[in-house]
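To start, the structure itself, in structure tokens.
To find a chain, count down the sequence lines: A is the first, B the second, and so on, and within it residues start at 1.
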Amino acid sequence: MLPLDQQLGIIKRGATAIIEERDLIEKLKRGTPLRVKLGVDPTGADLHLGFSVVLRKLRQFQDLGHHAVLIIGSYTAQLGDPSGRNAARPMLSEDQVMAFAAHYLDQAAVILDRSRLEVRPNGEWFSKMSFMDVIRLLAKTTVARTLEREDFSTRAAGGTPIYLHEMVYPLMQGYDSVAVNADIELGGTDQTFNLMVGRDLQREAGQEPQVCITMPILEGLDGVRKMSKSFGNYVGFAEPPAEMFGKLMSISDDLMWKYYELLTDLPLEEIAALRRGVAAGSHHPMRVKKDLAKRIISFYHSPAAAAEAETAFERVFSNREAPEEMPAVALASLPMKAAEGELDVIALLTGAKLAPSASEARRLVQQGGVSIDDVKVTALRIRMPAVSSFVLRAGKRRFARIVTGNREPS
RNA sequence: GGGGAGGUACCGAAGUGGUCAAACGGGGCAGACUGUAAAUCUGUUGGCUAUGCCUUCGAAGGUUCGAACCCUUCCCUCCCCA
């Protein structure tokens with residue numbers, strides 16, 4: 001194992017809080033592998049960079065020689081974690097959760113070393129508890145304490161409902177720590193309360209309390225709200241390189257430093273140097289952001305794919321050309337409502353899936369957001385170009401190649 | 001159990017019989033400007049076989065020439081009291 005201070009350096013990178021750091025040092029000093037717990041509630045969603053922050057931290061512990069324990073919330077996911085929520089989540093069935101869990105593990109394996117991972121569904125212990133056991137667990141905390149949490153107090157103040165089962169959630173998560181005898185638990189800062197409950201329950205159970213390490217919540221592409229599928233501001237693990245590149249380039253300059261710290265392994269000193277360079281004007285922020293995108297894409301795909309994505313990006317956005325690859329749609333397959341020799345632009349846009357509805361397509365045209373072979377479309381019916389295929393573009397980044405079936409004029 | 005308030009489009013929030021597909025703000029989308037950054041400005045934001053038609057204002061009925069608005073029943077939430 002690495003010397004203590006080196007381990008600490010890696011562990012502390014990006015972390016918002018370590019409760020308590022001296023406890024952590026004590027545990028590390030023993031030189032034996034620590035049990036590092038991360039609880040996840042699979043909901044069926046595809047993993048995105050927001051999830052990767054805490055998964056990467058867990059991986060770092062694996063690489064340091066510690067023992068990673070991934071708790072699958074087969075029971076807790078059914079309740080839905082109220083953390084950071086302003087409304088209750090729909091409840092899921094255990095079967096659903098376990099099906100989602102398989103999907104989750106497949107994706108998480110991109111980051112974690114699956115061969116050294118202990119996976120435990122928390123139904124393993126919760127299914128064996130009697131109602132009386134549950135009551136005893138409930139007796140470990142008070143309503144006032146639970147209500148102190150910001151998400152609950154906001155809801156209480158705003159008049160939105162808080163259900164009893166939501167209030168049980170932190171106790172369940174805390175009990176997981178007792179069940180697996182965790183030395184350390186990882187989580188987002190929004191998990192702080194839940195993590196702390198684990199310490200209390202362990203202490204009561206005669207265990208040494210876990211160290212809680214909280215990681216920042218990663219802002220999504222908008223730079224404001226947390227990265228989340230429902231906000232549409234995310235980058236998924238499985239997205240194509242070009243898509244990732246484009247999305248990452250759209251983050252704000254300020255945000256990119258946080259992405260560097262939490263999503264790459266570039267040493268902090270080097271990140272700081274880049275930052276100074278941008279501030280001093282010796283580095284162009286776009287260049288630095290492109291490197292960020294390439295680093296991330298190299299991890300999820302490959303360095304070659306990252307380089308390709310960059311080229312494609314420059315082609316489309318810097319040189320304003322059409323991308324090399326885009327979905328091809330046969331004109332004949334579209335329900336055109338145009339006279340002979342004319343194109344029905346609305347049918348074109350909806351048929352090629354560049355617009356969700358005819359009304360939306362009409363709006364796009366009216367606002368000047370549609371072009372055919374780089375010529376802005378100004379009418380809903382236009383003359384059929386005498387080419388074998390043309391590029392249809394909607395907005396900045398939606399493209400399709402329309403194959404007309406015409407012969408290329410000689 | 002008693003009393004009060006309320007459920008409106010993606011979200012927040014006006015509207016309380018016709019001029020309401022529904023003000024305003026946020027978000028989204030598009031355009032301008034750019035480094036597809038941020039900021040800013042402008043436009044737009046239910047659907048369709050489109051000078052009209054259809055669906056939408058918690059659900060179902062009803063009154064009316066006409067209902068998001070009035071009545072009835074039901075479902076849901078919040079607050080106060082017990």
Side-chain angles (χ1 to χ4, degrees), chain A residues 84-88 90 147 152-164 166 219-235 241-260 274-275 277-279 281-294 309-323 334-339 344-347 349-351 353-371 374-381 392-399:
Chain A
R85 302 282 293 192
N86 51 22
L147 283 176
F152 281 157
S153 52
T154 311
R155 278 208 247 166
T160 28
I162 299 168
Y163 291 85
L164 281 177
E166 298 184 85
E219 286 88 352
L221 304 175
D222 55 19
V224 180
R225 296 183 293 181
K226 75 178 221 179
M227 185 174 281
S228 147
K229 188 154 192 179
S230 51
F231 295 148
N233 60 356
Y234 69 102
V235 178
E243 197 68 18
M244 284 189 170
F245 203 99
K247 284 187 174 182
L248 289 168
M249 287 307 288
S250 77
I251 65 171
S252 74
D253 293 354
D254 284 342
L255 188 59
M256 91 176 146
W257 305 115
K258 192 165 184 180
Y259 276 39
Y260 258 110
L274 285 174
R275 192 167 187 163
V278 168
S282 56
H283 288 75
H284 194 299
M286 182 178 65
R287 183 65 255 161
V288 178
K289 205 181 290 175
K290 280 179 176 172
D291 285 338
L292 169 70
K294 282 205 287 188
E310 182 180 26
T311 311
F313 175 85
E314 285 168 351
R315 180 186 163 91
V316 175
F317 296 106
S318 307
N319 306 333
R320 296 185 169 274
E321 292 168 37
L334 304 177
M336 300 295 265
K337 298 193 186 70
D344 175 355
V345 182
I346 290 174
L349 287 165
T350 53
K353 304 232 162 33
L354 299 190
S357 72
S359 301
E360 191 64 42
R362 182 173 292 108
R363 249 172 251 135
L364 273 169
V365 173
Q366 279 162 359
Q367 300 188 124
V370 179
S371 68
D374 282 332
V375 179
K376 186 181 282 188
V377 173
T378 53
L380 299 179
R381 295 280 148 82
L392 179 68
R393 178 178 192 163
K396 281 182 181 138
R397 38 190 311 221
R398 280 165 286 159
F399 292 90

**Message:** Taking the C1' atom in each of B:G46 and B:G28, what is the distance between them to the nearest angstrom?
**Reply:** 14 Å
**Complete:** The Watson-Crick or G-U wobble partner of B:G17, with both key distances under 3.5 Å, is none
**Request:** Can you tell me, in whole Å, how much space there is between the P of B:G18 and that of B:C79?
**Result:** 34 Å
**Complete:** A:Val365 and A:Ala379 have their tightest heavy-atom pair at CG1-O, 4.0 Å
**Message:** Could you tell me how far apart A:Leu248 (CG) and B:U36 (C1') are, to the nearest whole angstrom?
**Reply:** 13 Å
**Item:** Spacing of A:His284 atom NE2 relative to B:A38 atom P, expressed in whole Å
**Value:** 14 Å
**Asked** Which letters describe nucleotides 2-10 of chain B, given B = protein heavy atom under 4.0 Å from base, S = only from sugar-phosphate, - = neither?
**Response** ---------
**Prompt:** Over how many whole Å does the gap from A:Asp344 atom CG to B:U49 atom P extend?
**Reply:** 9 Å
**Prompt:** With under 30° as parallel and over 60° as perpendicular, where do the rings of A:Phe317 and A:Phe313 fit, or are they tilted in between?
**Reply:** tilted
**Message:** Return the CZ to CD1 distance between A:Arg381 and A:Ile346, rounded to the nearest 0.5 Å.
**Reply:** 7.5 Å
**Request:** Find the distance between CD (A:Glu310) and NZ (A:Lys290) and round it off to the nearest 0.5 Å.
**Result:** 5.5 Å
**Item:** Atom pair CD (A:Glu360) and CG (A:Leu354), whose distance is rounded to the nearest 0.5 Å
**Value:** 11.5 Å
**Item:** Least distance between heavy atoms, A:Ala293 atom then A:Leu248 atom
**Value:** CA-CD1, 3.8 Å
**Request:** Using Watson-Crick or G-U wobble geometry with both distances below 3.5 Å, tell me the partner of B:C69, or none.
**Result:** none
**Item:** B:G47 to B:A21 separation - P atoms, rounded to the nearest Å
**Value:** 16 Å
**Complete:** Rounded to whole Å, CG of A:Asp254 lies from P of B:A39 at a distance of 10 Å
**Asked** When rounded to the nearest Å, what value does the distance between P atoms of B:A68 and B:C76 take?
**Response** 25 Å
**Request:** For residues A:Trp257 and A:Val288, determine if any side-chain heavy atom of one lies less than 4.5 Å from a side-chain heavy atom of the other.
**Result:** yes
**Request:** Give, for atom CD of A:Glu314 and atom CE of A:Met286, the distance between the pair rounded to the nearest 0.5 Å.
**Result:** 7.5 Å
**Toward the 5' end of RNA chain B, by each residue's nearest nucleotide, A:Pro356 or A:Met256** = A:Met256
What are the atom names and distances for every N/O pair under 3.5 Å that joins the protein to nucleotides 51-59 of chain B?
none

**Prompt:** If we take the C1' atom in both B:C75 and B:A22, what is their distance in whole Å?
**Reply:** 25 Å
**Prompt:** Just to confirm, is there a sub-4.0 Å distance from OP1 or OP2 of B:U45 to any side-chain nitrogen or oxygen of A:Ser359?
**Reply:** no
**Message:** Please give me the minimum heavy-atom distance between A:Lys289 and A:Ile251, naming the atom from each residue.
**Reply:** NZ-O, 2.7 Å
**Message:** Nearest 0.5 angstrom please: A:Leu292 CG to A:Arg287 CZ, how far?
**Reply:** 11.5 Å
Considering only nitrogen or oxygen atoms on both sides, find all protein atoms under 3.5 Å from nucleotides 28-32 of chain B and state each distance.
from  : atom 1 : to       : atom 2 : distance (Å)
B:C29 : O3'    : A:Arg398 : NH2    : 3.3
B:A30 : OP1    : A:Arg398 : NH2    : 2.8
B:A30 : O2'    : A:Gln367 : O      : 3.1

**Complete:** Taking every heavy atom of A:Leu221 against every heavy atom of A:Lys247, the minimum-distance pair comes out as CD2-O, 3.5 Å
Could you write out each protein N or O paired with an N or O of nucleotides 20-24 of chain B at a distance under 3.5 Å?
none

**Asked** Taking atom P of B:U49 as reference, at what distance in whole Å does atom CZ of A:Arg381 sit?
**Response** 10 Å
**Message:** Can you list everything that forms a side chain to side chain contact (heavy atoms under 4.5 Å, CB included) with A:Ser252? Sequence neighbours excluded, please.
**Reply:** A:Asp254, A:Leu255
**Asked** Quantified in whole Å, what is the P atom distance between nucleotide B:G66 and nucleotide B:C54?
**Response** 15 Å
Quick test: give all pairs of protein nitrogen or oxygen and nucleotides 76-82 of chain B nitrogen or oxygen below 3.5 Å, distance rounded to 0.1 Å.
from  : atom 1 : to       : atom 2 : distance (Å)
B:C78 : O4'    : A:Gly159 : O      : 3.4

**Complete:** Pairing partner of B:U40, by Watson-Crick or G-U wobble and under 3.5 Å for both distances, is B:A32
**Message:** In whole Å, measure the gap between the C1' atoms of B:G12 and B:C74 for me.
**Reply:** 28 Å
**Fill in**
Scanning all shown strands, the Watson-Crick or wobble mate of B:U77 with both distances under 3.5 Å is B:A5
**Complete:** Here the distance between atom P of B:U36 and atom NZ of A:Lys289, to the nearest Å, is 10 Å
**Asked** Does a side-chain heavy-atom distance below 4.5 Å link A:Asp291 with A:His283?
**Response** no
**Fill in**
CG (A:Leu349) and CZ (A:Arg393) are apart, to the nearest 0.5 Å, by 13.5 Å
**Prompt:** Closest nucleotide of RNA chain B for A:Ile346 versus for A:Met286: which of these residues is on the 5' side?
**Reply:** A:Met286
**Asked** C1' atom, B:A5 versus B:U19: distance in rounded Å?
**Response** 31 Å
